[in-house]
S.K.: 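Structure incoming, see below.
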Amino acid sequence: MKNETAQQLYHEFAKDMPIIDYHNHLIPEQIANDINFENLTQVWLYGDHYKWRAMRTNGVNEDYITGGKSDYEKFEKWAETVPYTLRNPLYHWTHLELQRYFNVYDILDGKSARKIYDECTAKLQTKEYSVQGLLRMRNVEAVCTTDDPVDALNFHQQIAKDGSDIKVRPAFRPDKAMAADDVAGLNAYISKLEAVTDLSIADFDTYLQALKKRHDYFAANGCSISDHGLEQIYAEDYTDAEIKAIFDKIRSGKDLEHTEVLKFKSAMLIYFAIWDHEKGWVQQYHLGALRNNNTRMLSQLGPDTGWDSIGDFSQARQISKFLNKLDTEDKLAKTILYNLNPADNELMATMIGNFNDGSVAGKVQFGSGWWFLDQKDGMIKQMNALSNMGLLSRFVGMLTDSRSFLSYPRHEYFRRLLCNLFGEDVENGELPADIEWLGKVVKDICYYNAKNYFSL
Ligand SMILES: [Zn+2]
């Protein structure tokens, strides 16, 4: 922390606020069964494509990353990589996570690997280190997972029935239901949808009916958030007749023209958004990833294994057209926009100001630095753009967007950066040294804004 004001803001106002982690990729089954991970590799390296990328970059063979080597051998390669991650967020995250969960203050490297592995693995066997225990350790009040519309949500039901003190809610992520680039894949998905809805989906109206049924089912199971992972917003003009014809073509198994794909995606986004508005949900759009760049590794390991990057898609006009269409019809739900390309920061910070209607503070939000931008520089730039062009004070703050139960110190990381910004401004004479007021704003951004914004 850079100065006394920042330290005071962090320790007196930010540190003890509970965490509302409103978007992540935790596995509901693991929470429902409150499992203990067998060892440090399984809780820390399995599924963590950030670490995998760093290991590959450091020249580690894939056998030690996603291959058949033992859990300890994989950990050792990670430990040897850690010193080389200096100035990457992984370096800070790694040591914060060792400190906050395991009380380990050693630097992780090849020399300390064995000791740290054994010490942490032993702790992971105890009740305190079950996955719900790990969430409790970081004062997590609520988590929202990311779920497909065909998901049964049985684990969410189990968690609710067991009466956990941590709220675990699903989020509706219908990306596959609009992925018309791959007609065969979409038809396979429609078969799954038929199975869970008991509907025979021969036409577009029935397709909508089936998806709406799942949207209702998610709501009945405590869902109040949707999420979309897209290269960009699709906002082509279309007619109902065109969409019906495109859907018939999909069902006949014929590939679509590019414009048909765009029209179909545009229509689906509007339907989902209207349902979100009807139910008072928050809709989230994660925009701008260029995914699966390496086809050789995609065929070997599947998606989300560390072969994605920042894309350079054009964003502004289509977001504007999409939000405007919804706003014009008074069907715009609370909305959070996340960009992956930092060049879009100011674009997003000004776009959100176009569609606030006075119904709720910060109705349209510029989401926290995401994925490649979830690091010191990325978060500071996001907060500065939001400060300069919007109201930082109404920001719903941080989320992990993580697959790991050990990622919660990222909220601490964010809170420290936030307090530093305020502290520096006070030291520079740009903000009054009104600790009560600044402290209130800090608490709002860390907790209360999200608590009020999301109906959890
Ligand atoms: Zn996500």
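Counting convention: from 1, in listed order, for ligands and their atoms alike.
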S.K.: Report the residues that fulfil side-chain contact (heavy atoms from CB on, under 4.5 Å) with D255, sequence neighbours left out, ordered by chain and then residue number.
M.R.: V183
S.K.: Students often mix this up, so state it plainly: with edges at 30° and 60°, are the rings of F272 and W275 parallel, tilted or perpendicular?
M.R.: perpendicular
S.K.: Who are the side-chain contact (heavy atoms from CB on, under 4.5 Å) partners of D312, not counting sequence neighbours?
M.R.: N341
S.K.: Mind checking how many protein N/O/S atoms fall short of 2.8 Å from the Zn ion (ligand 1)?
M.R.: 3
S.K.: For a quick check under 3.5 Å, do D374 and Y413 share a side-chain donor-acceptor pair by atom type?
M.R.: no
S.K.: Side chains of N339 and H286: any donor to acceptor distance under 3.5 Å?
M.R.: no
S.K.: Could you pull out every donor-acceptor pair under 3.5 Å between side chains of residues 444-452 and any protein atom, sequence neighbours left out?
M.R.:
{"residue": "D444", "atom": "OD2", "partner": "K440", "partner atom": "NZ", "Å": "2.6"}
{"residue": "Y447", "atom": "OH", "partner": "E141", "partner atom": "OE1", "Å": "2.7"}
{"residue": "Y447", "atom": "OH", "partner": "E141", "partner atom": "OE2", "Å": "3.1"}
{"residue": "Y447", "atom": "OH", "partner": "K451", "partner atom": "NZ", "Å": "3.3"}
{"residue": "N449", "atom": "ND2", "partner": "S393", "partner atom": "O", "Å": "2.8"}
{"residue": "N449", "atom": "ND2", "partner": "F395", "partner atom": "O", "Å": "2.9"}
{"residue": "K451", "atom": "NZ", "partner": "E141", "partner atom": "OE2", "Å": "3.2"}
{"residue": "N452", "atom": "ND2", "partner": "Y448", "partner atom": "O", "Å": "3.2"}

